[in-house]
Amino acid sequence: MTTERTRIERYEPAAIEPRWQARWAELGLHRTDLADTSRPPYYLLTMYDYPSGNLHVGHWYVKTPTDAFGRFRRMQGHNVFFPVGFDAFGLPAENAAIRNRIHPAQWTYSNIANMRRQLRSMGAGFDWDAEVVTCDPAYYRWNQWLFLRFLERGLAYRATAPVDWCPNDGTLAREQVEGADRRCWRCGAKVEKRDLAQWFLRITRYADELLDFTGIDWPEPVRVMQTNWIGRSEGAEVVFRSAPDTHIPGGDEIRVFTTRPDTLFGATFMVLAPEHPLVEKLTSPGQRPVVAAYIEQARRETEIERLNTERDKTGVPIGADAINPVNGERIPIWVADYVLGGYGTGAIMAVPAHDERDFAFARQFDLPIREVIRPVATYGEDRDLVEAYVSKTPDDVLVNSGRYNVMAAPDAIRAITADLEERGEGKAAVSYRIRDWLISRQRYWGTPIPVVHCEACGIVAVPDADLPVLLPETVDYAGSGENPLGRDAAFLHAACPRCGGPARRETDTMDTFMDSSWYWFRYLSSRKDDGPVDRAMLDRWTPVAQYTGGAEHAVMHLLYSRFFTKAMADCGLVGHREPFLRLFNQGQVLGADGERMSKSRGNVEDPDALVAQYGADTVRLFLMFMGPWDQGGPWSPTGIGGVARFLNRVWTLVLDPHGHEPGDAEAGRLPTGEDAAAAEKAIRGAAHRTLAAVTADYEGFRFNTMVAKLMELANVLFRYRGTEVAGGPAWDEAVRLLLLMLAPAAPHVSEELWERRHAAAGTAWSSIHLERWPEVDAAAAAVATRELPVQVNGKVRDRVEIAVGLSAAEVEALVLARPKVVAALGGATPERIIHAGGGRLVNIVVRG
RNA sequence: GCCGAGGUGGCGGAACUGGUAGACGCGCUAGCCUCAGGAGCUAGUGCCCGCAAGGGCGUAUGGGUUCAAAUCCCGUCCUCGGUACCA
């Protein structure tokens, strides 16, 4: 016998994917009509990328599920806006330029061209018309414009801050300094810190508002990280004064911030940060050399080093004392690197008995430790502290604290603060860890800060009409000594906009986090040339409904974006105060070696090769199938073949329902005991149950189980392939649902098969991506019987097929008659029978 | 150190609010089909004992709560991410 085998065309992704991409582009399928009000708007945003040159699978891992979600939302009837752009300013371009003698712009734009091609090959539904490239003057012009608005409102200001400085090369940003020993990446010289006047944005003005996350649905870990970053703490500011000495008259105010004013009597010394302005003034002549040497050393350390708890404490006494305002006691003043110049007041009162760091310091240098607070039960006992006692309970009481003895700690905090305030020696205060945002960069490839320094008028803003202040095309960015922009005479010299006199342009450029702090607003009017944003568009489309991106941006980018939104709202540019309503942080795909993917490690996975081998749909689906999206993990293509096989099976199901594989003896026959009607019912049931589950999975970003459920449905259909119900109405409905559910995730193959179905049926084609998301038929999805596990004392002893909707009594009668249950009971009388989880299982409890 | 997330078969992972542990896929085994196959189809596959029926053990680890724990609580070990001596 010769089996007549249907020869169907093979599934060749390389043949169909580019064709559909071109067709969609022609149809403008992904161009969002922002003015369309007939459907609810849905702004879907994924973090834009730095144009490093090549997309790796990590980029796909972020973008692919986001794209699938956008397509899903669109099928649900939303007008989805899903833009893309490039975070195109930044250091790598400048470094590449120096290394390869190629202009940063040329390097950047050629990378962008390549990445556009790669992004298109994914088949993602980006709206390219809205694209933003931040190094384009049409974009950075508005960075400058916004900066000027902030300047007007006192949100931008100039202050002195240290930068890493290479004595050979000129100034360096932190990211250019490599290695623990702080050497210049170019010449290897030891880097120093040097103070420079730089520009800041006053994010601290919004510190309290940034602590408030009401109204936005963000992951708990991100909220915690931002909260800790802002670091609000309540306490008191206390004024100590320098004591008169042979070298100083005394009386200088030394302000400290403390969260525990109740421990003031336990202060046995003071510590100033090496940066503290009074160090110079108060240091005794005898201590000058050692203090100067210590400061020199501290200035070379990174903040992370200084903040390492494990490290032995270092410090030196400055040879002067301070007077404790509560008891008039003289205590020595030290300088130590564990106190930071930038936090609080840059000075602390040290209470070794009740602070671990102060305790370690006191032990190291043999300074007195005086206990002033202890649990009430030990009041009056003699005891020695072997470690700092950090009081946390409100029941603890004060000792060795004069008239505050026996007072409970919280009462003492209030009383001591109030008494200090009365005497003008302190007040209740709030301190924040967050500092203002330093936006100055001493580089070429960034947005020029639009001010001039006039000899007569000082700092003068460039008028709006003169924006943008363009980056000069050719400058010597490789040279050394000062800012690249300062080496361009034509750029540098300008007329003062106010007096017309000679002025010097600002030569700092902006931190690239400026660009990314408002880019999603610009997407909505990327070509607008009379303002940064279109308020009417913003009112319709923002806040962003859903933002996706990596957790590495949990603090900086996301916090700056929130700050910008609030600041822009205060400038009247935006009508709301939070940028992103819902945030999802996906995990990171690591290289096969478990390390972060990077060119230098050589563990970068090239998506182009995978696409060439398997096609974009398989790669997309595999990335979703790998695991839960928020987890990521080491890249391993093991298993991608399973996904490819699945798409092949879908292909076969759609194009060849009647064929069957010669290797399957059972093929072409219905399962035993099932007639055609039962088979059709089973198929419809499976399809609609899958639809319900898949819908919920898309909604909850559970793409891995979504794919698994589609595979299960395909497996069910395959079982019926070649039988009398294959190609029938139930089958046809199931296949239709399968394609619709697959469309967001694997857009090309589902579109191709959709078209072929139309062709076969002789109906007019329209894109599957414009179809409405199907509705679940609850009746079809319902099940008549189900398997009921029966436990005896919590162990499963039997499984019974029961009709849905039986009463508890009926179930019990049925279950207790089962031989296996009888055997498991061994003659014992059930003590009670639990019907758990809404009848999901039965547990018979027998006391033994 | 601290904060956050996590630890489930040979592997990636599933298990929604405590209720059938291991869905789906990879890999492996057997059979079918094929000139052949690293293609396709079907079946099996947590571990141990057993021909089988069946039984025992199992979610890093030690306790606990519960009729019932991967899930909740306490302790320990390990991995990953973040990082602040924050006064």
Side-chain angles (χ1 to χ4, degrees), chain A residues 3 10 219-222 224-225 228-229 231 233 235 256-260 263 271 303-304 306-311 313 336-340 342-351 355-358 360-361 431-434 551-552 554-555 587-588 590 594 596 622 625-628 630-634 636-643 645-646 648-649 652 660-667 693 696 700 702 704-705 707-712 715 718-719 721 787-796 799 820 823 831-847:
Chain A
T3 315
R10 285 169 57 105
E220 167 85 14
V222 177
V224 168
M225 277 191 258
N228 292 344
W229 186 269
S233 48
V256 303
F257 175 77
T258 176
T259 53
R260 296 306 297 258
T263 62
V271 184
E303 208 160 285
I304 291 172
R306 287 175 60 171
L307 300 182
N308 182 354
T309 338
E310 313 283 82
R311 216 167 60 134
K313 293 277 182 286
D337 61 6
Y338 80 94
V339 174
L340 300 178
Y343 181 79
T345 59
I348 62 157
M349 62 174 204
V351 185
D355 182 282
E356 281 147 28
R357 297 151 296 170
D358 298 344
F361 193 85
S431 184
Y432 298 89
R433 175 191 175 276
I434 191 173
E552 64 270 24
V555 175
Q588 206 165 20
L590 307 173
R596 187 170 304 197
F622 177 63
F625 185 60
M626 269 171 44
D630 58 354
Q631 276 178 30
S636 159
T638 320
I640 193 168
V643 172
R645 198 165 301 149
F646 162 64
N648 263 301
R649 279 158 73 87
T652 306
H660 57 78
E661 299 306 321
D664 175 15
E666 299 297 314
R702 292 183 296 270
N704 56 330
T705 52
V707 176
K709 282 158 193 164
L710 293 181
M711 288 173 166
E712 283 183 87
N715 290 346
F718 233 89
R719 217 161 287 144
R721 184 164 172 257
E787 193 181 65
L788 177 77
V790 183
Q791 297 181 332
V792 174
N793 283 342
K795 292 196 180 222
V796 178
R799 292 163 212 270
K820 283 185 188 174
E831 185 174 302
R832 62 174 161 142
I833 298 176
I834 292 157
H835 297 259
R840 252 207 302 268
L841 67 66
V842 164
N843 188 12
I844 303 165
V845 184
V846 189
R847 279 277 174 234

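These numbers come from the heavy atoms of this one structure, side chains and all, not from hydrogens, waters or symmetry mates. All chains are named by letter (A, B, ...) in the order of the sequence lines, taking the proteins before the strands, and each is independently numbered beginning at 1.
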Sugar-phosphate, base or nothing in reach of A:Q588, heavy atoms under 4.0 Å: nothing

Gap between atoms CZ and C1', on A:R357 and B:C86 respectively (whole Å): 7 Å

Short side-chain N/O contact from A:T259 to OP1 or OP2 of B:C86, under 4.0 Å: no

Base paired to B:G37 (Watson-Crick or G-U; both N/O distances under 3.5 angstrom): none

Gap between atoms CZ and P, on A:R10 and B:G40 respectively (whole Å): 9 Å

Distance, rounded to the nearest Å, where A:E356 contributes CD and B:A87 contributes P: 12 Å

Syn/anti state of B:G18 by chi, 90° boundary around 0: anti

Integer angstrom distance from the P of B:A68 to that of B:G58: 15 Å

Integer angstrom distance from the P of B:U8 to that of B:U71: 13 Å

Rounded interatomic separation in angstrom, taking OH from A:Y338 and P from B:C86: 11 Å

Span that lies between the C1' atom of B:A43 and that of B:G81, in whole angstrom: 43 Å

Nucleotide opposite B:A87 in a Watson-Crick or G-U pair, distances under 3.5 Å: none

Sugar-phosphate, base or nothing in reach of A:N715, heavy atoms under 4.0 Å: sugar-phosphate

Distance below 4.0 Å between A:R832 side-chain N/O and B:C67 OP1 or OP2: yes

Whole-Å P distance, B:U66 and B:C73: 16 Å

Whether over 12 other heavy atoms sit under 6.0 Å from A:E356 CD: no

Base-pairing assignment for B:U71 (Watson-Crick or G-U wobble, both under 3.5 Å): none

A:W229 CH2 to B:U83 P, straight-line distance once rounded to whole Å: 7 Å

Protein-to-nucleotide contact annotation, 5' to 3' order, nucleotides 53-58 of chain B [B base; S sugar-phosphate only; - none; under 4.0 Å, heavy atom]: -SSSS-

Under 4.0 angstrom between A:Y432 side-chain N/O and B:C86 OP1 or OP2: no

Paired nucleotide for B:C77 [Watson-Crick or G-U wobble; both distances under 3.5 Å]: B:G7

Atom-to-atom span, CG of A:N228 to P of B:G4 - whole angstrom: 9 Å

For nucleotides 69-71 of chain B, give me every protein contact, N/O to N/O, under 3.5 Å, one pair per line with atom names.
none

Over all atoms of both residues, closest heavy-atom pair of A:V271 and A:A350: CG2-CB, 4.4 Å

Sugar-phosphate, base or nothing in reach of A:R649, heavy atoms under 4.0 Å: sugar-phosphate

Distance-minimising heavy-atom pair for A:G344 and A:S431: CA-OG, 3.9 Å

Strand partner of B:G50, provided both Watson-Crick or wobble distances fall under 3.5 Å: none

A:E220: partners by side chain to side chain donor-acceptor pair (under 3.5 Å), with sequence neighbours left out: A:R223

Closest heavy-atom pair and its distance - A:V842, A:L788: CG2-CD2, 3.8 Å

Rounded distance in Å between the P positions of B:A36 and B:C80: 50 Å

Distance in angstrom units between A:I640 CD1 and B:G38 C1', rounded: 16 Å

Spacing of the C1' atoms in B:G18 and B:G12 (rounded, Å): 26 Å

side-chain contact (heavy atoms from CB on, under 4.5 Å) between A:M626 and A:Q631, worked out: CA-CA 10 Å; A:M626 269 171 44; A:Q631 276 178 30; over 6 Å; no

Side chain to side chain contact (heavy atoms under 4.5 Å, CB included) partners for A:V555, two or more places apart: A:M225, A:W229, A:L559

Selection from B:G82, B:A23, B:C67 that lies nearest to any side-chain heavy atom of A:V845: B:C67

5' precedence on RNA chain B between A:R719 and A:R645 (nearest-nucleotide basis): A:R645

Any-strand Watson-Crick or G-U partner of B:C2, both distances under 3.5 Å: B:G82

Sugar-phosphate only, base, or nothing, as touched by A:V339 at under 4.0 Å among non-hydrogen atoms: base

A:R260: salt bridge (charged side-chain N to carboxylate O under 4.0 Å, His left out) partners, not counting sequence neighbours: A:D262

Sugar-phosphate only, base, or nothing, as touched by A:T258 at under 4.0 Å among non-hydrogen atoms: sugar-phosphate

P gap between B:A14 and B:A23, integer Å: 12 Å

B/S/- contact track for nucleotides 13-19 of chain B, protein heavy atom under 4.0 Å: SS-B--B

Identified pairing partner of B:U17, criterion: Watson-Crick or G-U wobble below 3.5 Å: none

Residue list, side chain to side chain donor-acceptor pair (under 3.5 Å) with A:Y343, at least two apart or on another chain: A:S233

All side chain to side chain contact (heavy atoms under 4.5 Å, CB included) counterparts of A:N715, not counting sequence neighbours: A:R649, A:R719

Residues which pass side chain to side chain contact (heavy atoms under 4.5 Å, CB included) with A:R799, listed by chain and number, not counting sequence neighbours: A:E787, A:V796

Over all atoms of both residues, closest heavy-atom pair of A:D358 and A:V351: OD2-N, 3.0 Å

Pairing partner (Watson-Crick or G-U wobble, both distances under 3.5 angstrom) of B:U45: B:G27

Euclidean distance for P, B:A70 against B:G9 (whole angstrom): 14 Å

Residues which pass salt bridge (charged side-chain N to carboxylate O under 4.0 Å, His left out) with A:R702, listed by chain and number, not counting sequence neighbours: A:D697

For A:E712, all residues meeting salt bridge (charged side-chain N to carboxylate O under 4.0 Å, His left out), sequence neighbours excluded: none

Spacing of A:E831 atom CD relative to B:U66 atom P, expressed in whole Å: 14 Å

Nearest-nucleotide comparison on RNA chain B, the residue closer to the 5′ end among A:F718 and A:T345: A:F718

ring-ring contact (aromatic ring centres under 6.0 Å, His included) involving A:F361 - partner list, sequence neighbours excluded: A:F269, A:W334, A:Y338, A:F365

